[in-house]
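Take a look at the structure below.
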Amino acid sequence: MFKDFVKWWVRITFGRLFWIVAVQMAWGMVLLLWILAYARPASPGLGRFEWGLAFLALIILGVNILVIHFVHQAAQSRVVKDFVSHVSHDLRSPLASVKLYLETVLKRELSPETARDCLEAALQELGRLETSIEGVLTASRLERQKLRIEAHPLDLGAFLQGYLERKGDLVASRGGHLQIGALEALPVQADPGMMAKILDNLVDNALGHCQPGVHIRVSLARRHHLALMTVADDGPGIPPGERRKVFNLFYRAKAARGRGTGLGLFIVARLVKAHGGHIWVECPELGSAFQVALPLDEDGGRHP
Amino acid sequence: MKKRILLVEDEPQLAKGLRLNFELEGHEVEWAATGAEARRALAADPPDLVVLDVMLPDVSGFQLLQEVKRKDVRLPVLILTACAADEDRIMGLSLGADDYLTKPFNLDELILRLRGMLRRGAWYQEALPAAIDLGGCVLHPAQSALERNGATTLLTERELLLLLHLWRKRNQVVSRRELLVEVWGYAPDVETRTVDIFIGRLRRLLGDDPEEPRMLQTLRGQGYLLIH
């Protein structure tokens, strides 16, 4: 009980709103004291007292705007700084591997097999680098809200069927099993390229954070006026405290520090939001299930 | 001579490539992907050199570095990391790392630095007095120990080599470039903070005032001077 209160208090006092309200209250107190101590209404009409009051109100407003502005700026610059440091780290590591392998092939006397292994490793790391760069570009476009979504009427069930058939072998080659659950034919307004990106990221996320041999199950069902798509895995799941945070920019689950770029789920969440939908994660007894809810397009696209 | 290297690196591909290269250099490599594995390896059989990444999944490399140095200050540690910021470099070197290299790195440079760090013994054979009086401090090269006000501090390999080099050329100006080549064993590159930070470490060990050093002076644009 007391612990909960302490937690709550700590969260409030470190929040931005707390300080804005605190500064306002402090100014209010100063004003009140000033009125009580010195100012007395002497004559009717806009006398010196009223002007003073208006002047003070103006000052308070100005200070408020300044405080909000600076708090906002500080938060913004922290995001930019984090972005730069994360990105440079995520790009440097695979780059270092590629460089190392190529230099090894160039400068060492290697057997043909070893040289081949080195080149393969370099290529694989280049692929990682490519994914990282792609992710950074998408995230930065989403962050600046520059990514254009071209929504068309789409049968989500048929789209998923096609996507999963194409993706199955790729997942199998990375040691996972992709299972197609129940799929309903549901009309939505969506950008097929972006939907594929959402699915790619969710599937890759499951592959990256679970043991080899993971089962990934994708299904689609109707819930009232929503199309509910589920990407579930039988991996370690996500602790309750982290289930919201995994969608934040650069957030990496504690169990996965050092793996992944912290971009994938942020991209997914933004893309889903851009489609007018919602995403959340549920953890049943085993694994985690990402739920994507998109509004159904029941007029068949007559109202764009 | 075959040396044992403990490689602490969480990126499997990079670790594989490094391992291949260290083995081609004729060393034995033990790979630890996490801090916990590294601790186990260090406790089981201390290596001759540690190559350490900073961003590990379970602990910070800096934390691990402190643990290594607390156990054996003379075990050389090379930090190999993607953290290229100046403050990280200063942090790593002032916590006792012997060298700091950022990713992506050049293979040749890494190997040169590694050889430099493993090349010990050359100065052991040199005829050195058992104790060197540095005015206020006494250095015992064979034990790599520095005695000051009755207290003894152990020096790291690099600190000892640096101090010995400055002592051999005492009362002469020694350039930063020369120190990089002679003490660290690699071509002087753009990065020069390493020497500065080690000089700072030596001043602290010698009890010299860092603001107004009297024993170990800096001559701007020329180098360093050990007054004896």
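A, B, ... follow the sequence lines: proteins, then strands. Residue 1 opens every chain. Remember, it's a predicted structure, so these values are computed and weren't measured experimentally.
Within 6.0 Å of the CD atom in A:E130, the count of heavy atoms belonging to other residues, nucleotides or ligands does not exceed 12. Heavy-atom contacts from other residues, nucleotides or ligands closer than 6.0 Å to NE2 of A:H215 number more than 12. Counting heavy atoms of neighbouring residues, nucleotides and ligands inside a 6.0 Å radius, atom NZ of A:K107 exceeds 12 of them. Environment of CZ in A:R244: sparse, with no more than 12 heavy atoms of neighbouring residues, nucleotides or ligands closer than 6.0 Å.
Looking only at side-chain heavy atoms (C-beta outward), A:E103 and B:D108 stay at 4.5 Å or farther from each other. In this structure the side chain of B:L107 never reaches within 4.5 angstrom of the side chain of A:L106, judged on heavy atoms. Side-chain atoms of B:N21 and A:R108, non-hydrogen and from C-beta on, do get closer than 4.5 Å to each other.
Under a 3.5 Å cut-off, the side chain of A:R92 and the backbone N or O of B:P104 do not form any donor-acceptor pair. Proximity of a side-chain donor or acceptor of A:Y101 to a complementary backbone N or O of B:L14 within less than 3.5 Å is not detected.
Using a 4.5 Å cut-off between heavy atoms, A:L91 does not touch chain B at all. With a 4.5 angstrom heavy-atom cutoff, B:N106 touches chain A via backbone and side-chain atoms both.
Highest contact tally toward chain B, considering only A:T104, A:V98, A:T114, is held by A:T104 [criterion: heavy-atom pairs under 4.5 Å].
Exactly one residue among A:Q124, A:R128, A:E125 makes a side chain to side chain donor-acceptor pair (under 3.5 Å) with B:Q13. That residue is A:Q124.
Residues B:L20 and A:C118 come closest through the heavy atom pair CD2-SG, 3.6 Å.
A distance of 8.0 Å separates OG of A:S93 from CE of B:M55, quoted to the nearest 0.5 Å.
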